[in-house]
2 protein chains.
Amino acid sequence: MVRKPTSKETARKPNMREAILAAAEELFATNGFNAVSVRDIAQAAGANPGSVTYHFKTKDGLLLEIYRRHCGPMNLRRSELLAAAKRVRDLQDRLEAIVRAYVVPAFTSGSDLAGGGARFTRLRAVMSAEGNEVARKIIAQTFDDTSHAFIDAIHESLPHIPRTDIVWRSHFLLGALYYSLVTPDRVSRLSRGEADGGDAAGAIEQLVQATVASFQAPPLDHAAPARRRPVVSSKT
Amino acid sequence: MVRKPTSKETARKPNMREAILAAAEELFATNGFNAVSVRDIAQAAGANPGSVTYHFKTKDGLLLEIYRRHCGPMNLRRSELLAAAKRVRDLQDRLEAIVRAYVVPAFTSGSDLAGGGARFTRLRAVMSAEGNEVARKIIAQTFDDTSHAFIDAIHESLPHIPRTDIVWRSHFLLGALYYSLVTPDRVSRLSRGEADGGDAAGAIEQLVQATVASFQAPPLDHAAPARRRPVVSSKT
DNA sequence: ATGTGATTTGTACTATCGTACAAAAGATCA
DNA sequence: TGATCTTTTGTACGATAGTACAAATCACAT
């Protein structure tokens, strides 16, 4: 009996703390940080507002804990997948594997912390859009390392593309990834029901294929302008 | 004297109404809707809080007016550019022209309403992320037509790609576009200063090239699975 | 100059926000 | 059982939110 449930884990209701975290995650991810009140979260979790203060001290503290919960497992999984991807021999396959290693954990977190990575990624997208300060700090110090690792790996499998271009295209990848999680219904609507924007597996495949192609695009010639700029005049 | 400045346009301070709109646009676009108070907006515009109520009745009304201001000119310009793009003979050039016709007005609005399209597009991105109700309604009924027109045009120049795939890739384009406007600093940071995320012209070129390549990617084979899925195991 | 309508100001009201804190309730173990 | 610690509840407080509205101010036609 080295490990007993030290009463810290045995709440009256089963894990109220977790319920609050899950509710907050869901509400923040769909409505933004400021639109959600502590009372909203408490009600969604079936808890008392004061209970939120007790567990997380402040609303910022609650957001911080959400990040702490997910960042570790997600980046760990990404590292594992990236390491495996780097060992792929075929260059084309390797690139695809790298992109997949970046995308997949964003949709389904490794340890799948009570709700999966998709919800947390969506939350990150929303916090990013809102310019949330708490999130900005964590992201810069937690995700930039991972991003650099992926950019370097991609650069190695595409040595003829300038690093700058790869940075841009990685940026586009993240934007596309975020947006797919933020408004999946738009895909369903525009495809007139042919595609399901909420289907994670489908979204991943589409995103990976499109992104791999974008990475393989010829580099932008920074010295000379575009080969032949198509003439588009708005004056008919 | 058919047209005299009917005192409706001659405020004490030069166009306080416009100042409020501009300030609200800026603040909403960078901080989200709920994080910004009417008093914040009034202060940034050098106006009195009550003045905001006078001109726009409610905070939602203010947001609505911002959309009304930009949607018309922007979609008009997109239509013009799309029409011109469709007349490009070379298929490769035409595709690029179409993508450019979609992207360019998002960065710089046609009539450049006091601040340009980039700010408004960023605002759209943020409202989308926050799931803002006012914005959702307007977007569905104003932008979907334009989106369909572009999707159809792209489909015509890429007949062998299923429409579903084009929808997905257009969706990724919009996500990348949004994200580029939301966090341009990330590009500067990840490129270690080599690229300037805030440079609209550079962002447009990168985005257009990457997107054209993604559209030209082979279609996803919905019947048979991927040709040869690269094996990536997380267990080393 | 004066009246009139359009704006701006100042202030106040109610609702809700985040947070604090004491009391109640439950769990744990001597 | 009773002491002690953790968790939950209930309530309250100050700050700030959106909005309303009367008074003050301005522009302009007469």
Side-chain angles (χ1 to χ4, degrees), chain A residues 1-25 27-28 30-66 127 130 132-135, chain B residues 1-25 27-28 30-66 127 130 132-135:
Chain A
M1 257 209 287
V2 181
R3 179 75 171 76
K4 48 182 175 179
T6 70
S7 85
K8 177 171 281 186
E9 290 146 309
T10 315
R12 202 163 326 170
K13 285 179 182 177
N15 255 350
M16 181 94 282
R17 194 186 136 98
E18 295 299 323
I20 292 171
L21 277 170
E25 232 179 86
L27 289 172
F28 286 157
T30 48
N31 300 103
F33 185 76
N34 290 281
V36 178
S37 72
V38 172
R39 287 168 176 83
D40 290 337
I41 296 166
Q43 187 172 20
N48 189 285
S51 195
V52 177
T53 306
Y54 170 74
H55 283 292
F56 308 101
K57 202 64 190 172
T58 67
K59 198 182 170 188
D60 276 355
L62 173 54
L63 181 62
L64 202 66
E65 182 57 25
I66 292 173
M127 294 304 123
E130 286 188 318
N132 185 286
E133 263 312 306
V134 177
Chain B
M1 258 206 288
V2 180
R3 179 75 172 75
K4 49 183 176 179
T6 70
S7 84
K8 175 171 281 184
E9 291 148 307
T10 315
R12 201 165 328 170
K13 285 180 182 177
N15 256 348
M16 181 94 281
R17 196 186 134 97
E18 294 300 322
I20 293 171
L21 278 169
E25 232 179 87
L27 288 172
F28 285 157
T30 49
N31 300 102
F33 185 76
N34 291 281
V36 177
S37 72
V38 173
R39 287 169 177 82
D40 290 337
I41 296 166
Q43 186 172 21
N48 189 284
S51 195
V52 177
T53 306
Y54 170 73
H55 283 291
F56 307 101
K57 202 65 191 170
T58 68
K59 197 182 170 188
D60 276 354
L62 174 53
L63 181 62
L64 202 67
E65 181 58 25
I66 291 173
M127 294 305 123
E130 286 188 319
N132 185 286
E133 264 310 307
V134 177

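Computed from a predicted structure; not experimentally measured. Values reported hereafter were calculated over all heavy atoms of this structure, with side chains retained and with hydrogens, waters and symmetry mates removed. Per chain, numbering begins at 1; letters A, B, ... match sequence-line order.
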Contact pattern, 5' to 3', of nucleotides 13-20 of chain D - B, S or - by protein heavy atom under 4.0 Å: ----BBBS
Would you kindly give the CD-to-C1' distance between B:E18 and C:dT7, to the nearest whole Å? 15 Å
Contact summary for B:A44 and B:A23, nearest pair of heavy atoms: CB-CB, 3.9 Å
Mind checking side-chain hydrogen bond (donor to acceptor under 3.5 Å, both in side chains) for A:S37 and listing every partner two or more places apart, or none if nothing turns up? A:D40
Here the distance between atom P of D:dT6 and atom CZ of A:F56, to the nearest Å, is 17 Å
Between B:Q43 (CD) and C:dG10 (P), how many Å, whole number? 13 Å
D:dT8 OP1/OP2 closer than 4.0 Å to side-chain N/O of A:N48: no
Quick one: are B:F56 and B:I20 in side-chain contact, heavy atoms under 4.5 Å? yes
Please tell me if the side chains of B:L21 and B:L62 come closer than 4.5 Å, counting only heavy atoms from C-beta onward. yes
Any side-chain to backbone donor/acceptor pair from B:E25 onto B:I66? Under 3.5 Å, distance only. no
Distance check needed: C:dT7 P versus B:I20 CD1, whole Å only. 11 Å
Using a cut-off of strictly less than 4.0 Å, decide whether A:Y54 has a side-chain nitrogen or oxygen near OP1 or OP2 of D:dT7. yes
Quick one: A:M16 CE to C:dA25 P, roughly how many Å, whole number? 18 Å
Once you round it to whole Å, what is the distance between C1' of D:dC26 and CG of B:N15? 15 Å
According to a strict under-4.0 Å criterion, is B:H55 in side-chain N/O contact with OP1 or OP2 of C:dA6? no
Can you pull out every salt bridge (charged side-chain N to carboxylate O under 4.0 Å, His left out) where at least one residue sits in residues 41-65 of chain A? Sequence neighbours excluded, please. A:R17-A:E65, A:E65-A:R68, A:E65-A:R69
